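Down below is the structure, laid out as structure tokens.
Bear in mind that the values here come from a model prediction, so they are computed numbers and not experimental data. Starting from 1, each residue takes its place in the sequence as its number.
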Amino acid sequence: TLFIIIENKARDPLLPIALFRMPNYSRPTALSLLAAMSIFGIVGFLPLYVQGALGGSASLAGLTLLPLSVGWTAGSIVAGRVAPVRGYRSVCVTGMALIVTGYIPFMVLEHAGGMTVMMIAVWVAGTGMGMTNVTALVAAQGTVPFQHLGVATSTVMLFRTIGGALILSMMGSIMLQRMNAAFTVITSDPKTSVPKLELQKLLNPQNLLDPTNRAHIPADLMEALIGALVNALWWAFLVGLAAAVTGLILSCFVESRRD
């Protein structure tokens, strides 16, 4: 609040607050925030699913994200060619719709179909991010006076960074909360064959990521741990999907001007 008051009174403000009173600037900026939340939710937590639930290596987890980078680049190129013809709104709506579509396998993790489906999903989401990212930035730039072009561009980039940091903290908190609840149930289960002292050591998500520790987990406990991780990740990905759906709705109100 103090920052906003100071910026409103400054002769040459670091961040002209008046820009956010312009719907054609504030909407693309907010869309950049939501798009970043959506995509970084996948970037941050898909490797955990690949390693912890599917038993893949760290290299395989990193490889899973490669299609996202390819799709992001392709989507940016497509947006640059299509936006001047079809308008900003249609490209942003299409991009956010692709991100929402890419989230579908993460909502059915137990039946997602393995690595192939995941790689296709992240490619689709990455393509959507590329289309939305570039178009929202250009839409915001085209709204502001020339003397504010630099600060307007940097602000959009700042909101994108904030979105990435915000979603990681939100999804991480939810995932840990759900896993702790599941661990409490596992610990109190009288059917558990593992001694409680050893059980406390094994009930650590990091054990699922380390092949050496993973090999020492009993089969019945392994199933329970993977189930707890998948359930926790489902709730975490639900937050990312909510951001994507909100972004899709907001994209319908982006200015549809053509260059």
Side-chain angles (χ1 to χ4, degrees), residues 20 23 26-50 52-53 64-65 67-68 71-72 75 88-113 117-133 135-137 139-140 156-182 205 227-254:
F20 293 97
S26 58
R27 289 170 187 170
T29 303
L31 181 59
S32 295
L33 174 88
L34 292 168
M37 291 178 68
S38 307
I39 207 68
F40 283 107
I42 295 176
V43 172
F45 290 87
L46 177 58
L48 183 58
Y49 173 74
V50 173
T64 310
L65 295 176
L68 188 146
W72 192 323
Y88 301 144
R89 181 186 301 165
S90 61
V91 177
C92 287
V93 169
T94 302
M96 290 307 303
L98 287 175
I99 295 178
V100 172
T101 302
Y103 259 94
I104 292 177
F106 303 112
M107 294 293 97
V108 288
L109 286 174
E110 295 181 354
H111 312 285
V117 173
M118 288 297 167
M119 294 181 78
I120 294 174
V122 298
W123 175 75
V124 171
T127 302
M129 180 59 181
M131 296 179 68
T132 304
N133 180 50
T135 308
L137 178 60
V156 173
M157 304 293 287
L158 173 63
F159 270 71
R160 189 187 308 163
T161 303
I162 292 174
L166 183 62
I167 195 64
L168 291 177
S169 61
M170 291 172 62
M171 292 177 67
S173 298
I174 291 174
M175 188 193 75
L176 289 176
Q177 182 182 18
R178 300 300 302 183
M179 290 204 72
N180 286 334
L229 176 63
V230 170
N231 177 263
L233 285 172
W234 185 89
W235 284 100
F237 282 127
L238 183 62
V239 178
L241 176 62
V245 172
T246 305
L248 176 59
I249 296 172
L250 179 60
S251 66
C252 297
F253 299 94
V254 172

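- Two rings, from F45 and Y103, have their centers 6.0 Å or more apart.
- Nearest heavy atoms, V254 versus P28: CG1-CG, 4.5 Å.
- A distance-only check finds no donor-acceptor pair linking the side chain of R178 to the backbone of L233 [under 3.5 Å].
- Between L33 and V156, every side-chain heavy-atom pair lies at or beyond the 4.5 Å cut-off.
- Atom CZ of F40 and atom CE of M129 lie 6.0 Å apart (nearest 0.5 Å).
- Note that OG of S26 and CG of L250 are 8.5 Å apart. Values are rounded to the nearest 0.5 Å.
- Looking only at side-chain heavy atoms (C-beta outward), F237 and M171 come within less than 4.5 Å of each other.
- Between atom CE of residue M131 and atom CH2 of residue W72 there is a gap of 14.0 Å, rounded to the nearest 0.5 Å.
- Of all heavy-atom pairs between V124 and G102, the closest is CG1-N, 4.2 Å.
- For the atom pair CZ of F159 and OG1 of T29, the computed distance is 6.5 Å after rounding to the nearest 0.5 Å.
- The OG atom of S169 sits 8.0 Å away from the CD1 atom of I167 when rounded to the nearest 0.5 Å.
- Between the side chain of R160 and the backbone N or O of S32 there is no donor-acceptor pair closer than 3.5 Å.
- Contact between A244 and I99 at its shortest, heavy atoms only, is CB-CG2, 4.0 Å.
- In terms of heavy-atom proximity, A232 sits nearest to M179 at CB-CG, 3.3 Å.
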task = Take L65 and M119, measure what side-chain contact (heavy atoms from CB on, under 4.5 Å) needs, and give me the verdict at the end.
result = CA-CA 7 Å; L65 295 176; M119 294 181 78; over 6 Å; no
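- Counting all heavy atoms, side chain and backbone alike, A228 lies closest to A182 at CB-CB, 3.5 Å.
- Annotation: side chain of C252 is in contact with side chain of V93 (closest heavy-atom distance under 4.5 Å).
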query = Do N133 and I39 pass the side-chain contact (heavy atoms from CB on, under 4.5 Å) test, and can you show the C-alpha distance, the side-chain angles, and the key distance before you say yes or no?
reply = CA-CA 11 Å; N133 180 50; I39 207 68; over 6 Å; no
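- Between the side chain of W234 and the main chain of M107, a donor-acceptor pair closer than 3.5 Å is present.
- Distance alone, capped at 3.5 Å, is enough to place a donor-acceptor pair between the N180 side chain and the L176 backbone.
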ask   = side-chain contact (heavy atoms from CB on, under 4.5 Å) between Y49 and I42: does it pass, once the steps are laid out?
value = CA-CA 10 Å; Y49 173 74; I42 295 176; over 6 Å; no
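- Taking 4.5 Å as the limit, some side-chain heavy atom of M96 sits within range of a side-chain heavy atom of L31.
- Here the shortest heavy-atom pairing between C92 and T135 reads SG-CG2, 3.6 Å.
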task = Evaluate the side-chain contact (heavy atoms from CB on, under 4.5 Å) criterion for residues M118 and F106: first the C-alpha distance (whole Å), next the side-chain angles of each, then the deciding distance (0.1 Å), finally the verdict.
result = CA-CA 8 Å; M118 288 297 167; F106 303 112; 3.4 Å; yes
